Engineer: 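Would you mind keeping the following structure in view while I ask a few things?
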Amino acid sequence: MKTVLTIAGSDCSGGAGIQADLKTIAAHGLYGMSAITALTAQNTTGVYGISETTGEFLASQLDCIFQDIYPDAVKIGMVSSRELIHVIAEKLKEYKAKNIVVDPVMVSTSGSRLLKDDAEEALEECLFPLADVITPNVPEAEVLSGIKIREREDFCQAAKIIAQKTAGGILIKGGHQIEDANDYLYLKGEEHWFSGRRVNNPNTHGTGCTLSSAIASNLAAGNSLPESIRKAKEYLTGALEDGLNLGAGSGPLNHMYRLKDLL
Ligand SMILES: Nc1ncnc2c1ncn2[C@@H]1O[C@H](COP(=O)(O)OP(=O)(O)O)[C@@H](O)[C@H]1O
Ligand SMILES: Cc1ncc(COP(=O)(O)OP(=O)(O)O)c(N)n1
């Protein structure tokens with residue numbers, strides 16, 4: 001069985017972070033493992049607390065995983081501090097990790113900062129060079145590139161700037177655009193657009209986590225990067241279209257939508 005590791009924060013309400021990743025990986029029929037960078041106290045209405053793990057303990061989790069069940073792909077989500085970013089980079093190099101998807105999580109949809117100010121540089125310097133693909137949303141791509149993204153050409157211009165920090169692909173997600181939900185991949189000088197139908201559903205908690213772990217799952221299964229993104233987007237759109245409505249705020253997706261007929 002193919003295996004996928006997620007290195008990310010825990011969302012106790014189950015919509016984003018480690019919990020969304022493990023549900024996504026399981027829904028793809030793969031074996032999921034997790035190294036937890038932080039516990040968050042959050043729900044559909046916001047993030048109310050963050051308790052980071054120590055660098056030493058994160059290193060220990062990664063040693064346990066890589067020395068026993070080697071992952072076929074690795075997804076990296078919320079990592080809020082420089083210290084933890086350095087630990088992850090060292091361990092990924094030590095164990096020669098492959099199929100690395102970096103989701104540069106900066107701010108939650110509810111507006112809470114999930115990355116400390118001084119950690120952004122470490123993310124770009126230590127993790128981007130190791131990534132097969134990085135997956136910023138539009139606001140994150142604007143921060144990383146220093147330009148505003150409004151038109152289609154801006155996606156390309158921003159990606160080319162970010163590409164100076166990585167040999168991998170740059171996927172700029174269009175979920176924050178108003179009219180459509182098209183995502184843009186810049187990979188080794190080539191451009192790919194993934195058109196998505198915008199789902200009229202306010203419950204989008206965990207869309208970024210779900211997309212990146214679905215990409216990692218498809219890479220682990222042996223798909224190319226563009227094909228992995230296409231399939232991941234299809235999975236994500238289905239999970240949104242299911243219309244699950246939990247909690248008082250922006251609720252989670254239904255990862256089990258493909259299994260409903262079994263019940
Ligand atoms: N309302 C929506 N309808 C369809 N796809 C969406 C919608 N919102 C987000 N997406 C898709 O979800 C994925 C994650 O995008 P986005 O929400 O921009 O990321 P993040 O959660 O990191 O902010 C992308 O593939 C995006 O196109
Ligand atoms: C623990 C944790 N990790 C990541 C996020 C952000 O999730 P994401 O899917 O990028 O976006 P939203 O859920 O904020 O739409 C999080 N909230 N918690």
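Predicted, not measured: the structure shown is a model, and the values here were computed from it. We count ligands from 1, going down the list as the structure has it; atoms in each ligand are counted the same way.
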Engineer: So, regarding Ser10 and ligand 2 (criterion: nitrogen or oxygen to nitrogen or oxygen, under 3.5 Å), is there a contact or not?
Structural biologist: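 No; every N/O pair is 3.5 Å or more apart.
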Engineer: Which one of Gly175, Ala232, Ala181, Cys209 has a non-hydrogen atom at the shortest distance from atom 5 (N) of ligand 1?
Structural biologist: Ala181
Engineer: Tell me the protein heavy atom at minimum distance from atom 8 (P) of ligand 2, and give that distance in Å.
Structural biologist: Cys209 SG, 3.7 Å
Engineer: Could you report the tightest heavy-atom contact between Ile69 and Met33, atom names first, then the distance?
Structural biologist: O-CE, 3.5 Å
Engineer: Under a single-linkage definition using a 4.5 Å side-chain heavy-atom cutoff for Ile, Leu, Val, Met, Phe, Trp and Tyr, are Ile88 and Ile65 assigned to the same hydrophobic cluster?
Structural biologist: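 Looking at the clustering, Ile65 is in the same group as Ile88.
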Engineer: Has Phe57 got more than 12 heavy atoms of other residues, nucleotides or ligands less than 6.0 Å from its CZ?
Structural biologist: no
Engineer: Asn137 heavy atoms, cut-off 4.0 Å: which ligand 1 atoms fall inside?
Structural biologist: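 Ligand 1 atoms under the 4.0 Å threshold to Asn137: 18 (O), 19 (O), 20 (P), 22 (O), 23 (O).
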Engineer: Just to be sure I read this right, does ligand 2 sit under 4.0 Å from the backbone of Ser108, its side chain, both, or neither, counting only heavy atoms?
Structural biologist: both
Engineer: Going by distance alone, is a donor N or O of one side chain under 3.5 Å from an acceptor N or O of the other, for Glu56 and Thr54?
Structural biologist: no
Engineer: Give the atom numbers and elements of ligand 1 that come within less than 4.0 Å of a heavy atom of Arg197.
Structural biologist: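 Counting atoms of ligand 1 from 1, those under 4.0 Å from Arg197 are 3 (N), 4 (C).
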Engineer: Give the numbers and elements of all ligand 1 atoms closer than 4.0 Å to a heavy atom of Leu240.
Structural biologist: 2 (C), 3 (N), 4 (C), 5 (N), 6 (C), 7 (C)
Engineer: Side chains of Ser250 and His205: is there a donor and an acceptor less than 3.5 Å apart?
Structural biologist: no
Engineer: Between Met78 and ligand 2, which residue portion shows a heavy-atom distance shorter than 4.0 Å: side chain, backbone, both, or neither?
Structural biologist: side chain
Engineer: What protein heavy atom sits nearest atom 13 (O) of ligand 2, and how far away is it?
Structural biologist: Gly206 N, 2.7 Å
Engineer: Would His176 count as a polar contact of ligand 1, with the cut-off being nitrogen or oxygen pairs under 3.5 Å?
Structural biologist: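 Indeed, backbone or side chain, His176 has an N or O that close.
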Engineer: Under 4.0 Å between a side-chain nitrogen and a carboxylate oxygen: does that hold for Asp183 and Arg230?
Structural biologist: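 Not counted as a salt bridge, because no side-chain N and carboxylate O are separated by less than 4.0 Å.
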Engineer: Would you say Leu236 touches ligand 1, if touching means a heavy atom closer than 4.0 Å?
Structural biologist: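 A heavy atom of Leu236 does come that close to ligand 1.
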Engineer: Among all the protein's non-hydrogen atoms, which is closest to atom 17 (O) of ligand 1, and how far away is it?
Structural biologist: Thr207 OG1, 3.0 Å
Engineer: For a quick check under 3.5 Å, do Thr40 and Asp11 share a side-chain donor-acceptor pair by atom type?
Structural biologist: no
Engineer: Which one of Asn201, Asn254, Asn203 satisfies the side chain to side chain donor-acceptor pair (under 3.5 Å) criterion with Asp242?
Structural biologist: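 Per the side chain to side chain donor-acceptor pair (under 3.5 Å) rule, the option paired with Asp242 is Asn254, out of Asn201, Asn254, Asn203.
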Engineer: Give the residue and atom name of whichever protein heavy atom lies nearest to atom 5 (C) of ligand 2, and the separation in Å to one decimal.
Structural biologist: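 Scanning the protein heavy atoms, the shortest distance from atom 5 (C) of ligand 2 goes to Leu114 CD1, 3.7 Å.
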Engineer: Identify, for atom 14 (O) of ligand 2, the protein heavy atom at the shortest distance, and state residue, atom and that distance.
Structural biologist: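 Here the nearest protein heavy atom works out to Thr109 N, 2.7 Å.
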Engineer: At what distance is the nearest protein heavy atom to atom 17 (N) of ligand 2, and which residue and atom is it?
Structural biologist: Gln42 OE1, 3.3 Å
Engineer: Tell me, which protein residue and heavy-atom name are nearest atom 22 (O) of ligand 1, and how many Å apart are they?
Structural biologist: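 Checking every protein heavy atom, the shortest distance to atom 22 (O) of ligand 1 gives Lys173 NZ, 2.9 Å.
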Engineer: Which ligand 1 atoms are under 4.0 Å away from a heavy-atom of Lys233?
Structural biologist: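 By the 4.0 Å cutoff, the relevant atoms are 25 (O), 26 (C), 27 (O).
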Engineer: Give the atom numbers and elements of ligand 2 that come within less than 4.0 Å of a heavy atom of Gly9.
Structural biologist: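 Every atom of ligand 2 under 4.0 Å from some heavy atom of Gly9: 1 (C).
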Engineer: Just jot down the ligand 2 atoms closer than 4.0 angstrom to any heavy atom of Thr204, in number order.
Structural biologist: 15 (O)
Engineer: Can you label the angle between the Phe66 ring and the Tyr70 ring as parallel, tilted or perpendicular, going by 30° and 60°?
Structural biologist: perpendicular
Engineer: Closer than 4.0 angstrom, basic N to acidic O: yes or no for Glu94 and Lys91?
Structural biologist: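 Yes, Glu94 and Lys91 are salt-bridged.
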Engineer: Considering only NZ, NE, NH1 and NH2 on the basic side and carboxylate oxygens on the acidic side, decide whether Glu241 and Arg197 come within less than 4.0 Å.
Structural biologist: yes
Engineer: Quick check on contacts: which atoms of ligand 1 are under 4.0 angstrom from a heavy atom of Arg198?
Structural biologist: 1 (N), 2 (C), 3 (N), 4 (C)
Engineer: What are the atoms of ligand 1, with element, lying closer than 4.0 Å to any heavy atom of Val199?
Structural biologist: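 Counting atoms of ligand 1 from 1, those under 4.0 Å from Val199 are 1 (N), 2 (C), 3 (N), 4 (C).
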Engineer: Would Leu5 and Leu62 count as a side chain to side chain contact (heavy atoms under 4.5 Å, CB included) here? Give the steps.
Structural biologist: CA-CA 9 Å; Leu5 164 64; Leu62 292 170; 4.1 Å; yes
Engineer: Does a salt bridge link Asp21 with Lys75, judged by any charged N lying under 4.0 Å from a carboxylate O?
Structural biologist: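 The answer is yes: the pair qualifies as a salt bridge.
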Engineer: Between CG of Leu58 and OG of Ser81, what distance do you get to the nearest 0.5 Å?
Structural biologist: 9.0 Å
Engineer: Look at Glu52 together with Lys116 and state whether they make a salt bridge at an N to O cut-off of under 4.0 Å.
Structural biologist: yes
Engineer: Taking only heavy atoms of Leu211, which atoms of ligand 1 are found under 4.0 Å from at least one of them?
Structural biologist: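 The list of qualifying atoms is 25 (O).
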Engineer: What is the nearest protein non-hydrogen atom to atom 24 (C) of ligand 1, stated with its residue, atom name and distance?
Structural biologist: Asp183 OD2, 3.3 Å
Engineer: Flag Val47 as yes when one of its N or O atoms lies below 3.5 Å from any N or O atom of ligand 2, and as no otherwise.
Structural biologist: no
Engineer: When you look for heavy atoms under 4.0 Å from ligand 2, do you find them on the side chain of Asn137, its backbone, both, or neither?
Structural biologist: neither
